[in-house]
Colleague: 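I am attaching a structure below and will ask some questions about it afterwards.
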Amino acid sequence: MADIIQLLPDSIANQIAAGEVIQRPASVVKELLENAVDAGSTKVLLIIKDAGKTLIQVTDNGCGMSEIDARMSFERHATSKIRKAEDLFLIRTMGFRGEALASIAAVAQVEMKTRQKKNDLGLSIHIQDSKIQKQEPCQFAPGTSIAVKNLFYNVPARRNFLKSNPVELRHILDEFQRVALANADVHFIVNRDGEEIFHLPPGNLRQRIVGLLGTSSNKKLIPVEEDTDVIRIKGYVAKPEFSKKSRGDQYFFVNNRFIRSGYLHHAIMSAYDELLQRDTYPLYILFLEIDPARIDINVHPTKQEIKFEDERLVYNYLKVAVRHALGQHHAMPSLDFDQETSFNLPAMGRFQNSSSGNTTPAGNYNADKQSNSFERFPPQLDQRNQSNLENWEKMYEGLGNDPTAGSDQEEGKPLTLESSWSDESPTGTSEAGIQEQKAPVQIHRTYILNQIKSGFLLIDQQAAHERILYEQYLDILSAQSGVSQNQLFSKTIDLVPADADILRSILPEVNQLGFDIQDFGKNTFVVNGIPAELAGKKDELELIHHLMDQFKKGLEIKLDIQDNIARSMAKSAAVKRGQVLDVSEMRMLIDKLFACAIPYKSPSGRNCLHTFELNELAKLFDS
Ligand code: ADP
Ligand code: MG
């Protein structure tokens, strides 16, 4: 039999390798911006068309390239930033693998212009399918401009896989934000489809944060600054009261490189400790400077993960630095830096501990992990649930669901535990006993306990209400029907550009649910009305911010738009744990829950209820 193993042609090998580095337009933006910064530029212009699908162009005033370097730069593993393996540990520049330009050239049409200061003329190069198509001298200011056109034009599967423009733009702006934060001394301009959406003159970090996140962020920032032999930490954290329900404004930079680290995030969360409300995340933008020999950044091709020689030490320094900063700003009693480092090194065990109280940082961390259960949606109903679903009406046979159930006095006033559990045993059969226990009872302002024929139900009020609203909103959205609305004195709301884009793209659906929001151009919206059922329950603007935060989470897990909106609205509008419900409200909730298509799970996959069967209960008490 003939030999069948062949080497892949270069162009295909490049395309395959490109998949690792270039996943979407935002990856191109990241690589080009980092190259521009690495080239020592003081001014960088980013131009985006069609969310980067048609054009991504970065123009800088950096060092430029010689003719040979310009041609070389598109070869795989061509880099000016590393010469030998040991250099890997001394890296200060952003790029070092020499993969980015080669990868980009494998999956897009690239036009580069570059000029070194010492030359009078620049060079223009056109590349397609990893091959130089054209090369000629050109007039050009010192620096480099790289235009990446029609990304993935030759990899249809990838191109089709790209998300909608708002989603891709969101990713692009995320990458831009990271580079812009890490280089506050560089002048950045972003032009999107002909409109200048960022103009950030060089400045200090605070000015850069404010330029990116809006003027309102200025008053939220608390400076962090700690210097030790091992590590230097500086940056800003936000005052606890400005923490948000969604993640997204958390940034770590290690030696000016953006990284993700659940472990270090936990250090910050534990520094805030009881200052944070449950399930909220503080804004932070922190720069760690550490001897490159003590870290390994070569663990992932996109270089967002990092290994520290002594992770626990970094954890603790970080925690203490943030505590210190919060303390100095009277957010909490200050702690002595040296003292704190000498004890309480976090054990991994604590990090993973899920049984601690809800308001502890560990609780927050787990709440965060819990949100991953989004990904399991739609939940596969297990066999038992499925048959429960069909039989739910039977559970109530002869009990509380009939109109005669519950005496008038019970109606409207919350029952206390004592009054409903005073005498009868669970199997009690006396008429009076059953009557008394029919009204649902709220427990810890969080759960609803309701007797059914075979035992009792325990319902999570928040999860249940989310399910009810979610199905209701989905109905409205798919039926294209309108809903009643409550008029307000108009209020305006300013969003950051990326959020504004998102809201603009979902405005028809949002308004269909009973909002009356108008786009006022730029990043301003006017809110004239909100859904009637939400009137007076929440601050309208807060509701919209919450809705946006939720929606963004949904984008990350690639939900369909209607589903995402219904889900975000449900999350924003549902009754929360801790809210007192009266008997009629509880009854309504139970009825509506069981009228749902899938009463057992909240839209984010949390259980809405558990059933406790009498025979199981009896077993608990058998000895
Ligand atoms: P890396 O950044 O990992 O070295 P890249 O593929 O991103 O790899 O770039 C290859 C080389 O091209 C760089 O090492 C650098 O010498 C050169 N280069 C890329 N972009 C620029 C730029 N904007 N200005 C000057 N040189 C550049
Ligand atoms: Mg690079």
Side-chain angles (χ1 to χ4, degrees), residues 10 13-15 17-23 25-47 56-85 87-108 110-119 122-127 130 132 135 138 140-148 151 175-176 178-180 182-183 186-189 255-258 292 297-304:
D10 260 6
N14 282 344
Q15 269 186 25
E20 241 193 323
V21 187
I22 306 299
Q23 283 132 6
S27 331
V28 175
V29 169
K30 170 181 189 284
E31 297 296 341
L32 296 185
L33 288 176
E34 288 186 350
N35 280 348
V37 169
D38 282 348
S41 313
T42 56
K43 189 167 181 179
V44 176
L45 167 68
L46 168 64
I47 297 174
I56 299 163
Q57 182 168 15
V58 171
T59 305
D60 66 52
N61 64 355
C63 63
M65 283 175 262
S66 69
E67 181 182 338
I68 293 185
D69 282 353
R71 296 173 61 97
M72 269 288 281
S73 66
F74 291 99
E75 301 285 332
R76 186 156 298 281
H77 306 305
T79 176
S80 56
K81 300 167 194 173
I82 187 168
R83 298 260 174 250
K84 50 189 192 302
D87 288 350
L88 267 176
F89 295 99
L90 300 170
I91 291 157
R92 289 276 177 186
T93 51
M94 288 296 115
F96 57 85
R97 290 164 164 265
E99 288 176 318
L101 289 185
S103 300
I104 293 170
V107 292
V110 180
E111 293 173 22
M112 165 152 73
K113 287 183 178 172
T114 188
R115 182 186 140 197
Q116 292 179 308
K117 225 185 199 139
K118 63 177 192 317
N119 299 334
L123 178 73
S124 153
I125 293 182
H126 288 214
I127 295 183
S130 299
I132 296 183
Q135 175 183 332
C138 70
F140 192 64
T144 302
S145 170
I146 298 181
V148 174
L151 183 62
E175 294 292 357
F176 167 71
R178 292 166 192 161
V179 177
N183 298 281
V186 177
H187 190 158
F188 283 100
I189 297 166
N255 295 349
N256 238 26
R257 189 186 300 279
F258 172 81
I297 40 183
N298 195 21
V299 284
H300 193 267
T302 57
K303 294 167 278 186
Q304 287 187 345

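Ligands are counted one by one from 1 in listed order, and the atoms in each one are counted from 1 as well. No experiment lies behind these values; they were computed from the predicted model shown. Counting begins at 1 with the first residue of the sequence.
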Colleague: Between D38 and ligand 1, is there a nitrogen or oxygen pair with a distance under 3.5 Å?
Modeller: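 It does not: no N or O of D38 is found under 3.5 Å from an N or O of ligand 1.
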Colleague: Does E31 have a heavy atom less than 4.0 Å from any atom of ligand 1?
Modeller: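 Contact check E31 vs ligand 1: negative.
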Colleague: List the atom of A70, the atom of T114, and the distance in Å for their closest heavy-atom pair.
Modeller: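 A70 and T114 have their closest heavy atoms at CB-CG2, 4.0 Å.
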Colleague: Heavy-atom contact under 4.0 Å between D60 and ligand 1?
Modeller: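 Yes, D60 has heavy atoms under 4.0 Å from ligand 1.
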Colleague: Test F188 against V37 for side-chain contact (heavy atoms from CB on, under 4.5 Å), laying out the working first.
Modeller: CA-CA 11 Å; F188 283 100; V37 169; 4.2 Å; yes
Colleague: Report yes or no: does N183 contribute a side-chain atom to a donor-acceptor pair with the main-chain N or O of V179 at less than 3.5 Å?
Modeller: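 Present.
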Colleague: Using a plain distance cutoff, I'd like to know if A102 has any nitrogen or oxygen under 3.5 Å from a nitrogen or oxygen of ligand 1.
Modeller: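 Min N/O separation from ligand 1 is not below 3.5 Å for A102.
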Colleague: Out of T144, L101, V37, N61, indicate the one that has the non-hydrogen atom closest to atom 6 (O) of ligand 1.
Modeller: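 Result: the heavy atom closest to atom 6 (O) of ligand 1 is in L101.
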Colleague: Between the main-chain N or O of A36 and the side-chain N or O of S41, is there a donor-acceptor pair closer than 3.5 Å?
Modeller: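 Indeed, once roles are kept as given, a pair shorter than 3.5 Å links the two residues.
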Colleague: Main chain of T144, side chain of D60: is a donor-acceptor contact present, judged purely on distance under 3.5 Å?
Modeller: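 Confirmed, D60 side chain pairs with T144 backbone.
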Colleague: Does the N or O separation between A39 and ligand 1 drop below 3.5 Å for any pair?
Modeller: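 A39 vs ligand 1: no N/O contact under 3.5 Å.
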